[in-house]
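These notes concern the structure reproduced below.
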Amino acid sequence: MKKIELLAPAGDLERLKIAVLYGADAIYLGGKQFSLRSRASNFSIEDIAEGVKFAKAHGAHIHVTVNMLPHEEDMHGLKEYLMELERIGVTAIIAASPAIMKCAKQYAPKLEVHVSTQHSSTNSSAANYWKDKGMDRVVLARELTLDQIKETAKHAKVPLEVFIHGGMCISYSGRCVLSNHMTGRDANRGGCAQSCRWKYRLYDGERQLHDDHDLFSMSSKDLMAARFIPDLIEAGIASLKIEGRMKSAYYIATLIKTYRMLIDEVYEKGCLSEARLQYYYEELSKAENRPTAIGFYLGQPKPQDHLYGINGAGVTQEYIAYVLDYDEKEQIATLEVRNHFLPHMEAEVFGPHIPMTKFMIDDLYDVDGNLVEVANKPMQILKMKSKLPMEKDAMIRKVMKKDRSDIY
């Protein structure tokens, strides 16, 4: 059986390379044309080509989102764009428009075409319809339960992809016009203003329903479906997808490293103990900036799966340093400061090839050899003695334990 794919998001080349180094099998990204998430640092053709080259050197693939729902004026240059993606070695496109799918099959036949979750494919008949149209993979709607995913996979004739982590849309499979109506920014053409995460005053006629100290919102908690990965593997799902093209490199590294370890452990042992599952929950929580829940996996989300009075995601300051280099002979790590920290405090390091390990930060020196009392200048280069072996591209974070007993 082919091992399930771990599919990571990337908003720029830095995050693409981090995702590959930390264990992603494939990366999906948006180009500067025909893609949603217009606020992400979308890729030029030159950037995509560099990303393809880097990914292939590490045995990974690149998928490009061509998932906008184009109006007539948006179609210019589509054929040439798809042909260029094929030429530079992109593995697949993710598309929502049948016109884009047809164009890809006609003019760039080496590209796989994956049907976007925006099509709300919720059963095997829908999946097989796309198979009959020549499509290569279907991304299932996020509104399916685990049992529905299993039943769909049992009868589908096409590989299936499912979401396991990241932001959830308040509308069915992203079919939302709130942003367009309220701001003129079209969510299905790359401009979602995330109106569902705003705070609202709510009235029934003249009667106030909201609490002035806790305004109403329609926002849901982020998805975190780690518990169900053994079931998804057993069901024969082709790909596990993480949402988050606008997330940070630290977020990507933490999630990909953790899910890579989890998936590999399932293949090695066949299952996960409750203790190991809790370990993975805690690791995943170290990057989250919005509370998480299990989405629709066990049925209709409950009231506790929504956010009330919270506007968007918070900012975490747990990530404190990036390891630029490690001299094994001298036992010296070269660090790039990301957030405030002090010498002689406890921290954790994790990297592409090293597991999460706690250690005590030693004395810190700047590039001129001066002792540094506090690391508080973002992007400053510092040297640190470390008997604990580190590696280039590793990340250091504060030790902060979060309780994840609320995940069911």
Side-chain angles (χ1 to χ4, degrees), residues 8-24 27 40-41 47 50-51 54 57-58 244 246-258 260-261 282-289 313-402:
D12 58 25
L13 272 171
E14 178 200 9
R15 285 172 276 182
L16 181 154
K17 292 176 180 180
I18 286 292
V20 170
L21 290 172
Y22 276 77
I27 315 297
S41 303
D47 287 340
E50 183 178 340
F54 184 88
H58 292 81
M246 296 171 69
K247 298 293 190 179
S248 69
Y250 168 69
Y251 178 94
I252 298 300
T254 303
L255 263 59
I256 297 304
K257 177 73 174 182
T258 305
R260 176 78 278 152
M261 291 172 60
E282 290 173 11
E283 289 302 296
L284 291 169
S285 75
K286 292 172 182 178
E288 71 184 34
N289 48 18
V315 177
T316 118
Q317 295 184 335
E318 295 166 13
Y319 174 32
I320 56 177
Y322 185 76
V323 181
L324 296 174
D325 195 19
Y326 181 70
D327 187 323
E328 293 184 18
K329 183 178 179 181
E330 300 295 330
Q331 295 183 323
I332 297 291
T334 303
L335 310 179
E336 187 175 71
V337 176
R338 295 304 173 94
N339 273 297
H340 176 283
F341 67 99
L342 299 169
H344 312 297
M345 64 178 277
E346 187 179 30
E348 296 175 349
V349 63
F350 69 104
H353 305 101
I354 58 176
M356 187 278 290
T357 308
K358 290 184 173 65
F359 73 106
M360 297 298 295
I361 294 176
D362 208 320
D363 287 339
L364 300 170
Y365 297 88
D366 65 21
V367 292
D368 296 319
N370 300 309
L371 190 66
V372 174
E373 295 183 357
V374 56
N376 59 0
K377 299 176 182 177
M379 312 309 285
Q380 182 182 15
I381 307 301
L382 300 177
K383 300 284 186 177
M384 177 187 72
K385 188 77 172 177
S386 176
K387 292 182 180 180
L388 175 69
M390 296 191 180
E391 65 175 327
K392 184 181 182 300
D393 300 309
M395 297 186 181
I396 299 173
R397 63 189 173 207
K398 297 175 184 176
V399 176
M400 296 181 71
K401 184 177 176 64
K402 296 183 179 179

Quiz item: Of the non-hydrogen atoms in Glu330 and Asp327, which two are nearest, and what is the gap between them?
Solution: N-OD1, 2.9 Å
Quiz item: Can you check whether Pro352 reaches Glu391 side chain to side chain, under 4.5 Å on heavy atoms?
Solution: yes
Quiz item: Do other residues, nucleotides or ligands put more than 12 heavy atoms under 6.0 Å from the CD atom of Glu328?
Solution: no
Quiz item: Run the side-chain contact (heavy atoms from CB on, under 4.5 Å) check on Asn289 and Lys247 step by step: do they pass?
Solution: CA-CA 10 Å; Asn289 48 18; Lys247 298 293 190 179; 3.1 Å; yes
Exercise. Enter the distance from Asp325:CG to Met390:CE here, rounded to the nearest 0.5 Å.
Key: 12.5 Å
Practice problem: Look at atom NZ of Lys385 and say whether more than 12 heavy atoms of other residues, nucleotides or ligands are closer to it than 6.0 Å. | Solution: yes
Quiz prompt | Nearest non-hydrogen partners of Tyr365 and Gly369, listed with the distance | solution = CD2-O, 3.4 Å
Quiz item: Could you give the distance from CG (Asp362) to CG (Leu364), rounded to the nearest 0.5 Å?
Solution: 8.0 Å
Exercise. Taking the side chain as every heavy atom from C-beta outward, state whether Ile27 and Arg15 have any atom pair closer than 4.5 Å.
Key: no
Practice problem: Report the residue from Glu288, Glu282, Glu283 that forms a side-chain hydrogen bond (donor to acceptor under 3.5 Å, both in side chains) with Lys286. | Solution: Glu283
Quiz item: Which class fits the ring pair Tyr319 and Tyr250: parallel under 30°, tilted 30 to 60°, perpendicular over 60°?
Solution: parallel
Quiz item: Is the closest side-chain heavy-atom distance between Leu255 and Leu284 below 4.5 Å?
Solution: yes
Quiz item: Do the side chains of Thr334 and Lys383 get nearer than 4.5 Å, heavy atoms only?
Solution: yes
Practice problem: Hey, could you give me the CD/CE distance between Glu346 and Met360, rounded to the nearest 0.5 Å? | Solution: 6.5 Å
Quiz item: Is there a donor-acceptor contact under 3.5 Å from the side chain of Asp368 to the main chain of Asn370?
Solution: no
Quiz item: Can you find a heavy atom in the side chain of Ile396 that is under 4.5 Å from one in the side chain of Tyr322?
Solution: no
Quiz prompt | Check: Met345 and Lys398 side chains under 4.5 Å, non-hydrogen atoms | solution = yes
Quiz item: Can Arg397 be said to sit on top of Phe350's aromatic six-ring, NZ or CZ under 6.0 Å from centre and within 45° of the ring axis?
Solution: yes
Quiz item: Where do Val372 and Val374 come nearest, in terms of heavy atoms and distance?
Solution: CG1-O, 3.2 Å
Quiz item: Rounded to the nearest 0.5 Å, how far apart are CD1 of Ile332 and OH of Tyr326?
Solution: 8.0 Å
Practice problem: Could you tell me whether the side chain of Ile320 reaches within less than 4.5 Å of the side chain of Ile361, counting heavy atoms only? | Solution: yes
Self-check item: Heavy-atom closest contact (Met384 atom, Phe359 atom, distance)
Solution: CE-CE1, 3.9 Å
Exercise. Given side-chain contact (heavy atoms from CB on, under 4.5 Å), test Phe54 with Leu13 step by step and report yes or no.
Key: CA-CA 10 Å; Phe54 184 88; Leu13 272 171; over 6 Å; no
Quiz prompt | Gap separating the CG atom of Leu371 from the CD atom of Glu373, nearest 0.5 angstrom | solution = 7.0 Å
Exercise. Kindly indicate, with the supporting measurements, whether the criterion side-chain contact (heavy atoms from CB on, under 4.5 Å) is fulfilled by Asp363 and His344.
Key: CA-CA 7 Å; Asp363 287 339; His344 312 297; 2.7 Å; yes
Quiz item: Tell me, do Val323 and Met395 make a side-chain contact under 4.5 Å, heavy atoms counted?
Solution: no
Quiz item: What's the spacing between Lys257 NZ and Ile18 CD1 if we round to 0.5 Å?
Solution: 12.0 Å
Quiz item: What heavy-atom pair brings Asn376 and His340 nearest, and what distance separates the two atoms?
Solution: CB-CD2, 3.8 Å
Quiz item: What pair of heavy atoms forms the shortest contact from Ile256 to Ala24, and how long is it?
Solution: CG2-N, 3.4 Å
